[in-house]
There are 2 protein chains.
Amino acid sequence: ARPKVGYFYSQKPTTSLIHDYIRNIKVLDIKSKPVTVSENYSVYDSIVTLFLNDVGTIFVESSGYLVGAVSRKDFLKTAIGSSDVHKVPVGVIMTRMPNIVTVKDTDTAYEAARKIIEHEVDSLPVIEVVKDELQKEHYKITGKVSKTTLTQLLVKLGESQG
Amino acid sequence: ARPKVGYFYSQKPTTSLIHDYIRNIKVLDIKSKPVTVSENYSVYDSIVTLFLNDVGTIFVESSGYLVGAVSRKDFLKTAIGSSDVHKVPVGVIMTRMPNIVTVKDTDTAYEAARKIIEHEVDSLPVIEVVKDELQKEHYKITGKVSKTTLTQLLVKLGESQG
């Protein structure tokens, strides 16, 4: 008996399959835990938090909502400046909402990578929009996608199977 | 006339095509320009070089050969410490050869990504091994592959075509 084999016709080159595949991976599937501090933390304590968690970006929360982001680059700039890192609160040097580039669970890994490159940032907070009793919108942070997350994804895609 | 179409048989799932594809991309095809300073540069001047070139890692050369690497994280650690960044030479705080993880032009993008994740670094120097008149091996730096390079690659792979 002839074996049942699947023949299929494809005009798509391999690269087309690749980008379909990459565009099907969702932020929800790859996001990692964000590290957050509160706005009145000193720059110094925030840097310590950065080192203790070995991350590149710290997100800043106020009343449980995302209000800012600070990268290693921002911290370095402040650290070599003249201000006292023990006295300056992180809220003073952070990038403040609405200037933070964000993604949602339903966005694709591709979209996250594109935003990181386009906006020249290291990490994006994954957010959920919630409304308070006055119908004002707030962002809750549920994760992050960083260049590290995406490099890990590339490793996973390149891993040989079994 | 019937159009010439290609039929092909494949037992491979799509993910298998993906990792074959990713493993065929070479470091040579994706590497970017490295930023280097000499060993006697001060930490401060190296940080300035880092900012002016907007990179995350500085490589250190001596007599044209790679001798060290310093990341934003290393600089931040020094900057919040008690040492005078204007006086300390970058050679004091750098990670020194042979403790630097490197790749070659012929390695794959996958291999570079794997090394970055495994060794928890942001960037790898792309090197070429050369021998001096005493047959001693030295490393010449010809480029770098960073998490940014690999995130850019992911964007390229995910881009729709035409």
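Heavy-atom basis, side chains included; hydrogens, waters and symmetry copies ignored. Every chain is numbered from 1 and lettered A, B, ... according to where its sequence line falls, protein lines coming before strand lines.
Hydrophobic clustering places A:Phe75 together with B:Val55 (ILVMFWY residues linked when any side-chain heavy atoms are closer than 4.5 Å, directly or through intermediates). In the hydrophobic clustering of this structure, B:Val155 groups with A:Val27; members are Ile, Leu, Val, Met, Phe, Trp, Tyr whose side-chain heavy atoms approach within less than 4.5 Å, directly or through other members. If you chain together hydrophobic residues whose side chains sit under 4.5 Å apart, B:Leu124 and B:Val37 never meet in one group. Note on A:Val130: it does not cluster hydrophobically with A:Met97, by side-chain heavy-atom contacts below 4.5 Å among ILVMFWY residues. One hydrophobic cluster, built from ILVMFWY side chains closer than 4.5 Å, holds both A:Val88 and A:Val60.
By the neighbour-count criterion of 12 heavy atoms within 6.0 Å, atom NZ of B:Lys104 is sparsely surrounded, having that number or fewer from other residues, nucleotides or ligands. Annotation: A:Tyr41, atom OH; neighbour count of heavy atoms from other residues, nucleotides and ligands within 6.0 Å does not exceed 12. Counting non-hydrogen atoms of neighbouring residues, nucleotides and ligands closer than 6.0 angstrom, the OH atom of A:Tyr139 reaches no more than 12 such neighbours.
When heavy atoms are compared at a cutoff of 4.5 Å, A:Glu120 approaches chain B solely by way of its side chain, counted from C-beta outward. Contact of B:Ile116 with chain A is made through the side chain alone, with heavy-atom distances under 4.5 Å. With a 4.5 Å cut-off on non-hydrogen atoms, B:Leu150 touches chain A through its backbone and its side chain both.
Across B:Val43, B:Ile22, B:Leu76, the residue that shares the most heavy-atom pairs under 4.5 angstrom with chain A is B:Leu76. Counting heavy-atom pairs under 4.5 Å between each of B:Ile47, B:Val85, B:Thr149 and chain A puts B:Ile47 at the top.
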Report the C-alpha separation of B:Lys73 and A:Asp54 in whole Å, then their side-chain angles, then the decisive distance to 0.1 Å, and conclude whether the salt bridge (charged side-chain N to carboxylate O under 4.0 Å, His left out) test is met.
CA-CA 9 Å; B:Lys73 195 167 144 183; A:Asp54 199 18; 2.6 Å; yes

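In this structure, NZ on A:Lys115 lies 15.0 Å from OG1 on B:Thr151, to the nearest 0.5 angstrom. Atom OH of A:Tyr21 is separated from atom CG of B:Leu157 by 12.5 Å, given to the nearest 0.5 angstrom.
For A:Arg23 (side chain) and B:Gly158 (main-chain N/O), a donor-acceptor pair under 3.5 Å exists by modelled atom type.
Between A:Ile117 and B:Leu154, every side-chain heavy-atom pair lies at or beyond the 4.5 Å cut-off. In this structure the side chain of A:Glu159 reaches within 4.5 angstrom of the side chain of B:Tyr110, judged on heavy atoms.
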